**Student:** 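I have a structure here, written as structure tokens, and I will follow up with some questions on it.
These numbers were taken from a predicted model, which means no experiment stands behind them.
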Protein chains: 2
Amino acid sequence: MSTVGKAISLLEHFTLKEPEIGLSDIARKSGLDKATARRLLVALAERRLIEQEPLSRRYRLGAGLSRLARMRDAHLPFVRVAAPFVRELALETGETVHLSEFSAGALLTVHVELSAKANRVSVDVGQILPLHGTASGIAFLAFSRPETVEACFGKPLTAFTPHTMTSRDKVMEAVRLAAERGYSRSAQGYEEGVHSVAAPILGSDGFPLGTLAVASPVSRIDDAIADSQGQAACEAGRKISAHLTGEQWHASVPLRQR
Amino acid sequence: MSTVGKAISLLEHFTLKEPEIGLSDIARKSGLDKATARRLLVALAERRLIEQEPLSRRYRLGAGLSRLARMRDAHLPFVRVAAPFVRELALETGETVHLSEFSAGALLTVHVELSAKANRVSVDVGQILPLHGTASGIAFLAFSRPETVEACFGKPLTAFTPHTMTSRDKVMEAVRLAAERGYSRSAQGYEEGVHSVAAPILGSDGFPLGTLAVASPVSRIDDAIADSQGQAACEAGRKISAHLTGEQWHASVPLRQR
DNA sequence: AACATCGGTTCATATTATGAACCGAGATGG
DNA sequence: CCATCTCGGTTCATAATATGAACCGATGTT
């Protein structure tokens with residue numbers, strides 16, 4: 001791994017549950033030597049991506065990250081534009097809805113609206129979703145360039161539950177079905193007990209930027225409910241796409257046009 | 001500079017005005033070889049700190065930054081806690097109020113509430129304020145550890161306007177005055193035509209995390225107004241400190257107690 | 001047709017990163 | 001009270017990694 005990769009991997013050890021980490025600890029977690037870890041942390045701290053608590057001498061994520069994230073959000077207002085529609089869809093369906101953005105070969109969860117119900121699916125912002133094992137991933141692939149789809153099969157497909165589709169044929173069949181009806185459907189492919197439907201959010205080039213997914217406990221779902229969730233997700237996805245690209249939104253927008 | 005430092009410096013070339021940059025361009029701006037710049041960008045992209053627009057092949061800040069920033073913000077809700085008080089102070093004074101956080105030897109602007117007046121001071125989130133040349137910096141130094149103050153004089157003091165204090169004695173005198181009355185006051189030390197008063201926001205260890213500043217056009221300010229702004233900023237700063245540290249807020253909190 | 005510039009790649013070379021061993025300071029505990 | 005951990009941090013010979021001049025093919029410009 002490159003030195004830069006190692007440095008960034010250090011950042012990725014800071015989580016919601018463990019927002020501050022000591023030197024020896026992070027060296028152990030990352031598998032790096034203590035001296036190496038420290039040099040990297042110091043380099044990161046010089047650029048404000050890491051801060052050190054002066055008293056405990058523990059490290060945490062730095063203010064520079066907030067600064068850079070603000071730059072990005074100002075320019076690429078994906079979450080800002082989509083958030084109201086995500087909320088609307090969550091209210092309409094009564095289920096947890098999450099928004100994902102494609103990045104580096106996977107989908108990154110960037111926004112979540114939790115269901116108001118007691119028995120609900122919980123999703124964390126920041127969670128990384130594989131393309132082959134989630135409704136979001138299938139919806140994304142269904143509208144992606146052939147190269148993107150192909151790249152997904154470059155590595156063996158990990159099974160997350162006994163229900164995960166791990167053969168290329170099964171995945172492609174799901175993709176074909178999703179392309180046909182506009183949304184994908186997946187039950188327990190990534191987490192036990194979770195049913196999801198997902199629709200793509202298309203950019204100005206007609207290819208997906210990310211996805212929108214409705215996640216419910218499997219016990220609450222039948223075909224009719226799934227289909228109505230799917231329709232609603234599609235419509236919300238189209239609205240978001242339209243707002244992002246500045247184009248007029250047509251109720252009967254064709255699914256694929258090239 | 002370390003390889004990691006170079007990689008992060010690449011990130012810092014993306015600004016609000018130039019959110020996407022081509023390879024040759026960023027290599028030129030950063031003074032790195034094109035091959036080097038590309039390797040670093042690829043390493044950053046693998047970890048999602050950078051994205052490449054597939055069509056134009058230009059680079060931009062990646063979704064991983066949003067993810068990391070959210071982790072940080074969830075844990076360190078500085079802005080979230082302070083924002084209501086910043087707004088309140090802006091309404092009370094009728095002037096632009098900005099909030100800064102100390103990081104790597106300078107103050108980083110993390111939140112701004114603009115004045116409703118037509119003739120107002122404009123401040124950008126993300127702006128970096130030097131300790132010696134701004135009201136915020138002086139207020140920060142006035143409550144900092146002696147080592148922190150000393151470190152500020154390690155390098156020559158840059159003059160930003162003809163009014164910038166560049167001698168150690170002048171700065172220390174301003175610091176002494178600020179420590180005495182609880183807030184700092186500075187006119188045109190960083191930008192021409194701008195008058196500021198600032199108060200510190202103290203962490204649980206009694207030392208400042210950042211500052212709160214009221215910025216006005218010099219033409220609107222006299223001693224009485226400046227003092228009332230100063231008092232208001234102090235009080236707002238104390239309220240924010242109290243909320244951050246979970247401590248009870250006392251109207252007559254001593255300025256320095258060690 | 002000639003020229004410039006773009007993003008991207010190659011590979012011998014030189015700089016840089018690495019980590020075992022080592023500090024001193026606090027905890028821990030028998 | 002001494003022995004023993006573990007902590008954050010440092011050193012320096014060694015090993016790995018980063019570097020950049022030269023080069024590609026593609027895409028404008030003049």
**Student:** So if I take every side-chain heavy atom of R28(A) and compare against dT18(C), dG8(C), dC7(D), which nucleotide ends up nearest?
**Tutor:**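 Nearest listed nucleotide: dC7(D).
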**Student:** Does the side chain of R39(B) get closer than 4.0 angstrom to OP1 or OP2 of dT19(D) through an N or O atom?
**Tutor:**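 It does, given that an N or O in the side chain of R39(B) lies less than 4.0 Å from OP1 or OP2 of dT19(D).
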**Student:** Mind calculating the distance between CG (L32(A)) and P (dG19(C)) to the nearest angstrom?
**Tutor:**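 That distance rounds to 7 Å.
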**Student:** Please determine whether a side-chain nitrogen or oxygen atom of K6(B) lies at a distance below 4.0 Å from atom OP1 or OP2 of dT19(D).
**Tutor:**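 For K6(B), the contact criterion (side-chain N or O under 4.0 Å from OP1 or OP2 of dT19(D)) is met.
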**Student:** Check whether any side-chain heavy atom of I201(B) lies under 4.5 Å from a side-chain heavy atom of F78(B), and answer yes or no.
**Tutor:**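 Touching, per the 4.5 Å side-chain cut-off.
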**Student:** Please tell me which of the listed nucleotides, dG8(C), dG20(D), dG8(D), lies nearest to the side chain of R57(A)?
**Tutor:**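 For the R57(A) side chain, the nearest candidate turns out to be dG8(D).
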**Student:** Rounding to a whole Å, what distance do you find between K34(A):NZ and dT11(D):C1'?
**Tutor:** 12 Å
**Student:** Side chain of D33(B), heavy atoms from C-beta onward: which of dA18(D), dA21(D), dG8(C) has the nearest atom to it?
**Tutor:**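 So the side chain of D33(B) is nearest to dA21(D).
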**Student:** Using the side-chain heavy atoms of S24(B), tell me which of these nucleotides is nearest: dT19(D), dG9(D), dG7(C).
**Tutor:**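 Among the listed nucleotides, the one closest to the side chain of S24(B) is dG7(C).
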**Student:** Using heavy-atom distances to pick each residue's nearest nucleotide on DNA chain C, tell me which of R38(B) and T36(A) is more 5'.
**Tutor:**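 So the residue in question is R38(B).
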**Student:** Mind calculating the distance between CD1 (I21(A)) and P (dT6(D)) to the nearest angstrom?
**Tutor:** 19 Å
**Student:** Donor-acceptor check, side chain of T36(B) to backbone of L32(B), threshold 3.5 angstrom: yes or no?
**Tutor:**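 Answer holds: no.
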**Student:** CG of L41(A) versus C1' of dG8(D): gap in Å, rounded?
**Tutor:**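 Roughly 11 Å, once rounded to whole Å.
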**Student:** Which nucleotide, dT10(C), dT16(C), dG19(C), lies nearest any side-chain atom of T3(B)?
**Tutor:** dT16(C)
**Student:** Within less than 4.0 Å of OP1 or OP2 of dG9(D), is there a side-chain N or O belonging to Y59(A)?
**Tutor:** yes
**Student:** Is the positively charged end of R145(B) above the ring of F207(B), judged by distance under 6.0 angstrom from the centroid and angle within 45° of the axis?
**Tutor:**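 Yes - R145(B) lies over the ring of F207(B), closer than 6.0 Å to its centre and within 45° of its axis.
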**Student:** Suppose we call two aromatic rings close when their centres sit under 6.0 Å apart. Are F160(B) and H132(B) close by that rule?
**Tutor:** yes
**Student:** Between dA18(D), dA17(C), dG8(D), which nucleotide has the shortest distance from any of its atoms to the side chain of S2(A)?
**Tutor:**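 Looking only at side-chain atoms, S2(A) lies closest to dA18(D).
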**Student:** On the 0 to 90° scale, with breaks at 30° and 60°, tag the F102(A)-F140(A) ring pair as parallel, tilted or perpendicular.
**Tutor:**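 Correct class here is parallel.
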